[in-house]
Number of protein chains: 2
Amino acid sequence: MCSAIRRDGGSDLTARARIRDAAIACFGRHGFDVTVRAIADQAEVSPGLVIHHFGSKAGLQRACDDHVVGLVGALKTESVTAHDDQGFLRQLASMEEYAPYLAYILRALQTGGPLGASLFERMVADAELYLAAGEAEGTIRPSRDPARRARWLTAGALGSILMLVTLGRAGQEIDFAEVFREWETEYMLPALELYTEGLLTERTLLDSYLRHTEEHSEEAD
Amino acid sequence: MCSAIRRDGGSDLTARARIRDAAIACFGRHGFDVTVRAIADQAEVSPGLVIHHFGSKAGLQRACDDHVVGLVGALKTESVTAHDDQGFLRQLASMEEYAPYLAYILRALQTGGPLGASLFERMVADAELYLAAGEAEGTIRPSRDPARRARWLTAGALGSILMLVTLGRAGQEIDFAEVFREWETEYMLPALELYTEGLLTERTLLDSYLRHTEEHSEEAD
DNA sequence: TAGTCTATTGAACATGTGTTCAGCAATCAG
DNA sequence: CTGATTGCTGAACACATGTTCAATAGACTA
């Protein structure tokens with residue numbers, strides 16, 4: 001019968017952990033279509049053992065998700081000092097050792113599914129906190145709907161990174177140093193320009209939209 | 001030996017065209033991992049005929065790409081009257097009959113590859129034209145780098161749509177009426193707010209970035 | 001009607017991939 | 001040394017999927 005695994009009471013250097021780390025690396029590098037055999041090779045074990053430990057490929061991915069979520073949570077509570085639009089994404093990016101986790105997270109966002117959605121929500125919540133703090137300081141303009149603004153800014157920034165990765169290197173590996181460098185040289189200037197100076201010279205579009213929603217607020221909500 | 005197909009001189013109601021249309025619909029609805037058999041079912045032909053006409057699944061996808069590109073090009077030259085940030089994407093969205101092509105385009109952008117990249121470049125070029133026109137009219141603020149600004153705005157808007165689709169409905173079908181409705185209720189207000197009023201109250205970030213790039217412009221370019 | 005040509009079928013094939021399982025080897029108790 | 005427990009292997013299995021091909025049906029010509 002299948003016995004439980006924790007052979008030395010919780011230490012995390014077992015074959016199970018090695019497989020999980022190899023899976024995170026492979027999923028991050030090649031996407032979630034990577035084969036169990038490739039993961040097994042990376043972990044230097046047999047394909048059978050992968051299934052033996054995690055029940056199925058889906059179970060393995062779930063374990064990877066859980067591990068990454070735990071790691072993100074730990075990192076977040078550890079250092080709440082950084083003030084940044086990107087939240088923990090940039091924080092992770094600054095540390096070379098966390099590159100595989102970053103790749104995994106980007107794949108999760110690219111693929112969709114529960115992990116990607118929950119990470120996105122987390123980033124939105126972070127962005128809202130940072131924006132509120134900036135608003136309190138006076139460096140960020142107030143918004144008619146801070147929650148939606150945080151979501152929009154996050155979706156735009158993250159979406160642009162995702163498009164860079166998806167369109168630039170379809171099917172290839174992800175090199176984060178390069179992706180972030182490219183993002184900066186390509187988008188930093190227009191982003192700062194837009195954030196500080198805006199895009200439109202007139203208020204007509206915004207005002208007419210606000211009027212339009214006011215008129216229709218009687219039948220909704 | 002395999003003969004050419006155009007049996008009646010170019011009319012497009014042959015089985016080949018039916019297969020191609022079914023493939024566009026299936027690819028758009030379920031992504032490019034959809035099976036040849038599913039496409040054959042949709043077109044009410046045998047799987048063998050699909051391969052017979054297009055050589056392989058990759059060939060079929062190439063034919064779909066070409067057809068969509070041609071359609072987009074035709075639509076573009078047909079009506080150059082609309083002035084909009086989204087370019088032909090919104091234009092397509094307004095027409096119910098083009099829903100499958102829109103879905104296909106979004107899948108192409110989501111998956112990456114040559115079609116997605118070329119469509120993206122096209123949208124960037126469109127956006128740049130529209131922005132330049134607005135700048136000439138005086139409704140759009142001038143930019144230090146109009147090309148990069150157009151790219152950034154396009155990537156942000158498109159990326160946010162893509163994230164909505166990817167995170168909201170992973171693996172499910174795409175309903176564009178719903179996606180665009182959701183985009184509008186979720187992002188229209190903060191987008192207009194950002195575009196007309198900006199985000200930051202101070203110029204320090206932008207100015208320091210500009211100074212930073214000036215300092216380093218001696219070794220590059 | 002007979003003949004030919006071509007579009008079409010559907011069963012079979014090849015391959016890739018998740019999963020299973022009987023057995024091996026290493027460790028440890030006695 | 002012996003026996004047993006257990007992590008682990010790798011060959012085999014089942015299934016999905018792209019692809020092939022011999023056979024068929026339908027249409028057009030003479």
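Remember, it's a predicted structure, so these values are computed and weren't measured experimentally. A note on names: the letters A, B, ... follow the listed sequences, proteins ahead of strands, and every chain is numbered from 1.
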How close or far is atom C1' of dT17(C) from atom CG of Asp33(B), stated in whole angstroms?
14 Å
Among Leu192(A), Leu164(A), Ile161(A), the one residue meeting side chain to side chain contact (heavy atoms under 4.5 Å, CB included) with Tyr187(A):
Leu164(A)
For Gln42(B), all residues meeting side chain to side chain donor-acceptor pair (under 3.5 Å), sequence neighbours excluded
Arg29(B)
Taken to the nearest whole Å, CD/Gln61(A) to P/dT19(C) is 12 Å
Letter by letter from the 5' end, nucleotides 8-13 of chain D scores (B base, S sugar-phosphate only, - none; protein heavy atoms under 4.0 Å) SBB-B-
Once you round it to whole Å, what is the distance between P of dT20(C) and CD1 of Ile51(A)?
7 Å
Any Lys/Arg nitrogen of Glu193(A) or Arg148(B) sitting under 4.0 Å from an Asp/Glu carboxylate oxygen of the other?
no
Can you confirm whether Val50(B) sits close enough to Leu60(B) that some side-chain heavy atom of one is under 4.5 Å from a side-chain heavy atom of the other?
yes
So if I take every side-chain heavy atom of Ser56(B) and compare against dT19(D), dG18(D), dT19(C), which nucleotide ends up nearest?
dT19(D)
Whole angstroms only, please: what is the CZ-P distance between Phe54(B) and dG18(D)?
15 Å
Whole-Å gap separating P (dA16(D)) and NZ (Lys57(A))
16 Å
Ring pair (Phe, Tyr, Trp, His ring centres under 6.0 Å) partners of Phe32(B), counting only residues at least two apart:
Phe27(B), Tyr104(B)
Nearest-Å distance for atom pair CD1/P, residues Ile39(B) and dT8(C)
17 Å
Do Leu194(A) and Leu153(B) have side chains that get closer than 4.5 Å, going by heavy atoms?
yes
